[in-house]
Undergrad: 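Dumping the structure here so I can ask a few things about it.
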Amino acid sequence: MSKRKVKDSHLPVGECITEVQSILRERLCCNLHPDKPEEIEAQHKHLLELLKRTVIHGESNSVLIVAPRGAGKTMLLKCVLRDLLQEKEAEKSLLQVHLNGLLQTDDRIALKEITRQLHLENVVGDKVFGSFAENLAFLLEALKKGDRSSSRPVLFILDEFDLFAHHKNQTLLYNLFDVAQSAQAPIAVVGLTCRLDVLELLEKRVKSRFSHRQIHLLSTLTFCQYVQRVQTQLSLPENFPDKKFGQEWNKSITTLCKDASVEEVLRRHFNTSKDFRSMHALLMLCLSRVSVSKPVLKPADVLEASKLRFADAKGNMLHGLSILELCLIIAMKHLNDVYEDEPFNLQMVHNEFKKFLQRKSNSMYNFEQPVIMKAFEHLQQLELIRPVDSSTAKIQKEYQLMRLMLNHSQIMEALQKYPQCPTDVKQWAKSAFA
Amino acid sequence: NMKYFSRLRVRRVYKWLGEPTFNRKLKTYEYGSLAINVDGLPKTTIINVGQHILIEGDDEDHPYVAKVIRLFADESGKRKKVCVQWFVRVSEVPLNKLKQLGREPHPQEIFFYQGRSCDDEVNAESILRPVQVVHVEAEAKFPVIKDEDTLFVKLSWDSKTFKVVDSSLVGPVLSTPPLPSPLPHPSSRRALPTPDPLIMARACSGEVRRSRVCMSAGKVGSLEAESLHSATKLSASKCLSAKRRSASARTPGVRKKLELNSPEKTTQGDIQGQQLDEKLDSEMMLAQRLSSSPPRMEPLPHCLTPLRSGHRALASPLSHRLTPLRKSHRADVVEADVPNSSVLTPKRRNSTPRRNSTTRGQKAATPSQKKEGRTSREPALAVLAEVDNENSPMLPVAATPRSSKRKSAQLVSLRIRKQLNLLDCQLYLNSDGEDEDEFVPSKKELRSSSEDEEEEDEELDSDEDVVSKKRRNAAGLRTPRSKQKSGSSARTPRKTPNKRITPSTPRTPRHATPSIPSRSLPARQPSNALEEARTRLHVSSVPESLPCREQEFQDIYSFVESKVIDGTGGCMYISGVPGTGKTATVHEVMRCLQHAAEVDEIPSFTFIEINGMKMTDPHQAYVQILQKLTGQKATADHAAALLEKRFSNPAPRKESTVLLVDELDLLWTRKQNVMYNLFDWPTRRHARLVVLTIANTMDLPERIMINRVASRLGLTRMSFQPYTFKQLQQIIMSRLNKVKAFEEDALQLVSRKVAALSGDARRCLDICRRATEICEHSAAAPSTARLVGMGHVMEALNEMFSSTYVTAIKYASVQEQLFLRAVIAEFRRRGLEEATFQQVFVQHQALCRVEGLQPISVSEGLAVCQRLGACRLLLLESSRLGVLLRVRLNVSQDDVLYALKAE
């Protein structure tokens with residue numbers, strides 16, 4: 001099908017594919033913001049009105065946007081800001097300060113960042129920026145000097161808001177909210193967080209000064225919408241240079257989404273997580289399987305990509321272990337079965353392993369104690385086992401208590417896939433009692 | 001020079017002179033005079049009754065001034081005391097009150113103190129030395145005396161207003177303002193300045209670096225006494241100012257005109273200038289010549305003059321050459337300035353770093369002035385040379401006799417000055433303000449010096465008038481003094497030297513404080529009832545009154561008022577949950593008290609406020625208090641020491657201070673010394689400090705304070721109860737103030753709900769505000785005026801108070817919901833509210849099979865678990881533990897089950 005088409009298209013297939021890749025990758029990776037907020041019109045309106053009042057009327061406000069990860073908090077804010085800046089007044093006067101709790105890990109850094117973003121350092125001239133205390137006094141003075149009607153409104157955006165609540169005394173938050181609640185320069189404080197209990201983090205004085213406005217973004221997405229979204233994300237736009245290729249591609253995407261196996265995979269993803277980011281990650285994996293020699297997306301691609309996405313990290317690591325290490329893991333598993341997840345030490349594991357060896361006549365698995373020790377240490381390095389307490393210095397290594405960080409099912413699955421696993425080892429693993 | 005003794009902590013010995021007379025009524029021994037001996041010096045200073053003295057105070061450079069009324073010893077005869085009449089220095093008058101003066105105060109001016117809040121009895125040991133105080137008629141000009149120990153009294157000050165003071169109160173009166181003190185060589189006052197074309201040219205070309213070399217070289221040669229250090233400092237400052245000036249003087253057109261119009265080149269000074277002119281391109285040579293010249297008296301004026309006039313030249317190359325007359329006037333003026341600047345120098349040391357660049361020269365000069373004053377016969381010269389590096393237009397050069405005044409030259413010069421003035425005004429916009437001071441001497445300046453040169457003065461005056469008319473009109477003041485004032489307010493270049501100094505009198509060495517830039521379009525005003533209501537309901541809007549806190553208001557008011565009236569100190573502790581109006585009430589009290597102080601019902605006081613949350617460290621409290629009290633900046637330790645001194649020393653004439661400490665609990669330190677000091681200061685006898693502290697918990701003193709702190713805090717406590725629903729309703733009503741935006745029931749619902757939850761007025765207002773928004777949005781057309789009803793309020797309440805956990809669970813993904821179920825199942829199985837991920841995951845796999853879903857891998861399960869943990873539906877251990885991490889629910893099991901069932 002594909003080869004036939006190559007001949008009557010305007011562009012060679014290679015160029016088409018490059019084009020497809022660039023369009024779709026941009027769409028999936030660059031977090032482009034939709035022109036219209038879908039599903040979240042109410043929240044969009046709420047936030048936009050709120051910020052507009054700050055900008056136009058000089059009314060100070062504070063608001064928190066609370067939603068799980070990947071629900072579109074930043075997207076909402078960016079959309080609102082884009083719409084807000086279309087207002088002439090906003091564009092002219094609004095000052096923005098963007099802070100992120102992961103970057104501004106304490107108030108000192110945050111204050112410097114605020115002063116920098118407000119360009120207040122120009123006013124200070126060549127003055128070397130002073131102590132933390134001076135910075136704070138400086139900023140507060142600046143904000144205090146402003147008033148509702150004449151100062152330019154300042155928008156503070158605190159990403160990962162909950163992390164700011166961990167700063168000492170919550171000084172920054174107190175002061176921001178205090179400014180927002182008093183007749184000083186008009187400011188709007190917008191916090192973004194995924195913690196539902198964020199208000200409980202605020203100190204009572206800080207909490208009292210916060211306006212208690214919260215905007216929740218909860219995904220009401222249904223599976224149909226989810227599949228629809230997959231389809232739109234993969235479809236090529238109307239203005240694709242090669243019309244014919246575009247139409248063919250879109251048609252193939254439509255059929256792809258109707259494919260039963262694909263639908264099953266998508267449902268599985270939908271069940272795990274509704275957020276678009278993980279969907280995009282899946283689609284990226286699919287997309288990377290498209291090449292000149294295979295210029296379409298097939299259901300098999302989606303299945304493969306999904307398999308990659310769902311692969312078990314620890315389980316995969318087991319595939320790379322030596323037989324001895326695998327045996328030790330199995331011995332640990334048996335110990336866990338017998339002693340109900342009680343911790344074990346090397347000596348116990350070794351004994352368990354010896355029991356297995358006693359039943360075997362051949363000396364294939366006869367290892368010296370140091371060798372076993374080394375294998376054990378390797379397992380610890382891979383974090384497949386973990387010491388119960390970290391005080392390693394006192395106890396001899398052989399007797400240090402350990403826990404296995406693998407699930408029963410993970411071990412069994414890994415054994416199935418382990419290349420050329422000896423049958424007796426497999427049987428030993430399956431046997432209820434060694 | 002006593003100042004320096006005091007600084008060195010020299011021990012003084014005080015002795016009575018004469019026989020005492022016993023005062024039976026007061027049981028004191030009255031004396032007529034007191035002798036002060038300084039250890040190690042033979043000189044004895046005698047203080048008599050009626051004499052003016054300096055008394056040790058906070059500021060070592062500005063001791064207090066007083067007049068001795070009585071000298072006496074107490075009954076035991078051991079303690080020597082002085083009863084005094086106080087005088088207030090300019091720096092002691094609050095800045096805002098100083099404006100009432102309507103003019104720039106003379107730096108040596110003091111005011112007869114008539115305030116009440118002042119102890120007039122001091123220890124005799126605090127007397128430093130006598131001082132000369134001269135009464136000046138209110139309308140008269142300040143006499144020109146170069147002695148810095150002479151102070152002038154014109155007005156009295158009663159901490160509210162200035163009044164003309166009767167001369168009999170002050171004592172020795174100068175019937176007429178003394179004429180400018182005669183110069184060593186009277187003829188030199190007529191001297192033509194010696195403009196130095198060399199320096200002029202340099203200034204124009206901006207060759208500052210080389211000129212600096214020249215200047216400092218000249219200095220070293222001429223003034224041996226001067227230390228190298230101060231010389232370099234001075235030259236650096238000169239260099240700076242020269243640079244600035246050269247920048248402002250760079251107007252080629254004007255310069256050309258100038259050179260064309262300079263007709264007089266016959267005087268000696270000018271000949272010298274010509275000579276220099278020849279060496280126009282070899283400044284280094286000049287420098288050598290100057291430095292090699294032996295330090296005689298004679299060369300001093302010569303080598304100084306070019307330098308100094310060079311400065312002038314930098315400022316105004318034109319006026320320099322062409323206004324010889326003016327310069328000769330200035331020679332007098334300069335002398336008047338000298339003491340001023342030297343008196344003021346210590347104060348200037350506090351000024352901002354920026355300032356320093358211009359003032360350093362003067363500062364550095366002061367000590368040398370003293371030396372010169374003793375060693376040479378021409379102290380004025382030496383002083384001038386350094387002190388007035390910018391100011392002094394010229395030196396009275398001894399050997400430039402010039403008696404003939406050339407009218408033509410004058411006319412030309414006048415014309416040019418006019419041009420210059422105009423030019424200056426323009427230039428001024430871009431320059432620093434201090435630079436142009438000496439472009440044109442102010443009218444007043446001229447007048448003061450012109451008593452013997454009437455004819456020219458008239459001309460000059462008329463000239464000045466033309467230029468300054470506009471400005472003076474703007475100021476609207478016609479008295480001669482007002483000129484100074486108008487000058488400063490309108491930022492004209494024609495400042496008098498006096499005024500030039502006064503800008504630094506504000507002790508606050510602040511930078512231009514930063515501020516948020518102002519917006520181009522003004523903020524819109526509310527357009528309908530709902531918007532109006534919203535504005536009024538915003539927490540920030542200051543209400544006309546504070547309803548429901550009348551009793552608390554009254555208590556705090558009477559507490560502070562009584563302390564202020566009595567001039568004593570005290571502490572008060574105010575507690576209450578957030579949003580109960582603690583800070584607002586105190587602020588309201590302070591507003592009322594300050595108003596009362598303004599209308600003179602109570603003595604005036606200072607109100608300052610600190611907030612524990614607005615500082616980074618408890619010890620910053622000292623810094624902030626000091627800064628707000630005096631404008632000084634200091635480190636925490638230093639500030640603590642200064643405050644300690646301020647509050648513990650018997651300080652005469654001190655206003656009461658009211659200190660509001662908000663969020664007191666954050667000032668807690670392990671040793672509690674910040675709190676200790678805050679509560680200890682008010683107990684000092686002389687502190688006159690009232691401390692109001694605010695915190696949230698009622699039992700804070702008992703809980704966190706150690707005994708000695710809690711004991712000093714005392715038992716004056718007040719607790720703000722949370723508002724009841726009626727009060728909340730009243731608060732909203734009073735804020736709305738007849739703007740009809742709410743239904744009665746809706747208001748009641750809000751206030752009842754909030755009163756039941758917290759009694760936080762902020763919450764109440766926020767909910768109302770949100771309700772107006774909801775109402776506005778739900779309205780079909782924005783124009784239709786609607787009332788906020790129950791429905792809107794309910795919606796707002798739900799938004800703010802409802803828990804979101806349930807909805808969050810409802811909208812979670814299938815696997816997440818399943819995981820929550822698995823958690824509950826595992827909890828039930830184990831009978832514990834905690835389980836490891838491993839255990840839960842087994843349940844999860846089983847549930848998957850029951851639900852007919854494909855079981856998920858461990859990695860995926862962990863991801864699901866972490867997502868639930870991120871939004872805090874679950875509480876998790878660190879993810880490094882992998883399957884071993886322990887899981888707990890952050891919601892009640894019932895909530896989870898309810899949410900899952902409702903689906």
Side-chain angles (χ1 to χ4, degrees), chain A residues 49 56-60 66 68-69 89 92-93 120 123-124 132-133 136 138 140-143 145-146 148-152 154 169 171 174-175 181-183 185 194-197 204-205 208-209 211-214 216 218-220 268 271-274 310 312-315 386 403 405 407 410, chain B residues 511-524 526 534-535 538-542 578-579 613-617 620 623 663 666 696 760 762-763 766 770 773 777 799-800 804-805 807-808 811 813-815 838 841 853-854 856-860 864 867 870-873 882-884 890:
Chain A
E49 291 289 321
I56 294 168
H57 295 286
E59 177 187 300
S60 291
V66 186
R69 297 225 178 270
E89 275 169 294
K92 270 189 181 168
S93 59
L120 285 176
V123 182
V124 203
F132 181 25
L136 180 66
F138 179 81
L140 289 179
E141 178 121 28
L143 291 170
K145 276 187 82 188
R148 194 188 128 121
S149 50
S150 64
S151 298
R152 286 174 73 175
V154 190
N169 287 348
T171 309
Y174 177 91
N175 285 306
Q181 296 246 322
S182 50
C194 62
R195 284 187 68 163
L196 295 170
D197 63 344
K204 57 183 182 302
R205 286 167 280 208
S208 168
R209 281 166 175 78
S211 71
H212 278 63
R213 282 165 199 273
Q214 294 184 62
H216 291 275
L218 294 165
S219 157
T220 52
R268 206 180 151 190
N271 281 346
T272 319
S273 152
K274 286 176 175 177
F310 281 132
D312 187 58
K314 282 264 160 80
R386 183 188 169 83
R403 276 184 202 277
M405 291 180 75
N407 204 355
Q410 278 172 304
Chain B
H511 305 266
T513 42
S515 61
I516 303 297
S518 49
R519 53 195 293 161
S520 46
L521 295 165
R524 259 183 235 164
R534 203 151 50 222
T535 319
H538 198 283
V539 185
S540 72
S541 68
V542 181
M613 274 288 206
K614 293 187 179 172
M615 54 188 73
T616 52
D617 176 89
Q620 287 294 318
V623 179
E663 316 292 5
L666 285 164
N696 291 129
D760 187 336
R762 292 197 187 104
R763 200 67 326 100
D766 281 333
R770 178 68 188 134
E773 283 165 28
H777 289 178
E799 256 187 39
M800 290 187 174
T804 46
Y805 289 113
T807 32
Y811 292 112
S813 72
V814 175
Q815 292 290 353
Q838 209 162 13
F841 191 65
L853 295 170
Q854 229 177 13
I856 56 172
S857 67
V858 177
S859 294
E860 232 176 310
V864 167
R867 272 202 296 274
C871 48
R872 285 302 190 276
L873 286 167
V883 293
L884 298 176
N890 197 27

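All values reported here derive from a predicted model rather than from experimental measurement.
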Undergrad: Please look at B:Met800 and chain A and tell me whether the side chain, the backbone, both or neither of the residue comes under 4.5 angstrom of a heavy atom of that chain.
TA: both

Undergrad: If you tally heavy-atom pairs under 4.5 Å against chain A, which of B:Arg867, B:Gln838, B:Arg763 wins?
TA: B:Arg763

Undergrad: Is it the backbone or the side chain of A:Gln181 that comes under 4.5 Å from a heavy atom of chain B, or both, or neither?
TA: both

Undergrad: Between B:Ser541 and chain A, which part of the residue has a heavy atom less than 4.5 Å away: side chain, backbone, both or neither?
TA: neither

Undergrad: Could you check whether any side-chain heavy atom of A:Arg403 comes within less than 4.5 Å of a side-chain heavy atom of B:Val883, counting everything from C-beta outward?
TA: no

Undergrad: Select, from A:Ser219, A:Ser273, A:Ser93, A:Gly315, the one with the greatest count of heavy-atom pairs under 4.5 Å involving chain B.
TA: A:Ser273

Undergrad: Using heavy-atom distances under 4.5 Å, tell me whether B:Glu773 contacts chain A through its side chain, its backbone, both, or neither.
TA: side chain

Undergrad: Would you mind checking which part of B:Val858 comes under 4.5 Å of any heavy atom in chain A, side chain (CB onward), backbone (N, CA, C, O), both or neither?
TA: both

Undergrad: Which of the residues A:Gly146, A:Gly58, A:Ala133 is involved in the greatest number of heavy-atom pairs with chain B at under 4.5 angstrom?
TA: A:Ala133

Undergrad: Calculate, to the nearest 0.5 Å, the distance between atoms CD and CZ belonging to B:Gln854 and A:Arg268 respectively.
TA: 4.5 Å

Undergrad: Give, for atom NE2 of B:His538 and atom CD of A:Glu59, the distance between the pair rounded to the nearest 0.5 Å.
TA: 5.0 Å

Undergrad: For B:Asn890, what residues pass the side-chain contact (heavy atoms from CB on, under 4.5 Å) criterion, not counting sequence neighbours?
TA: A:Asp197, B:Tyr805, B:Arg872, B:Leu875

Undergrad: Kindly give the heavy-atom pair with the smallest separation between A:Arg195 and A:Val66, and that separation in Å.
TA: O-CG1, 3.4 Å

Undergrad: Counting heavy-atom pairs under 4.5 Å with chain B, which one of A:Arg205, A:Met405, A:Arg386 comes out on top?
TA: A:Arg205

Undergrad: Out of A:Leu136, A:Leu218, A:Ile56, A:Thr171, which one racks up the most heavy-atom pairs below 4.5 Å with chain B?
TA: A:Ile56

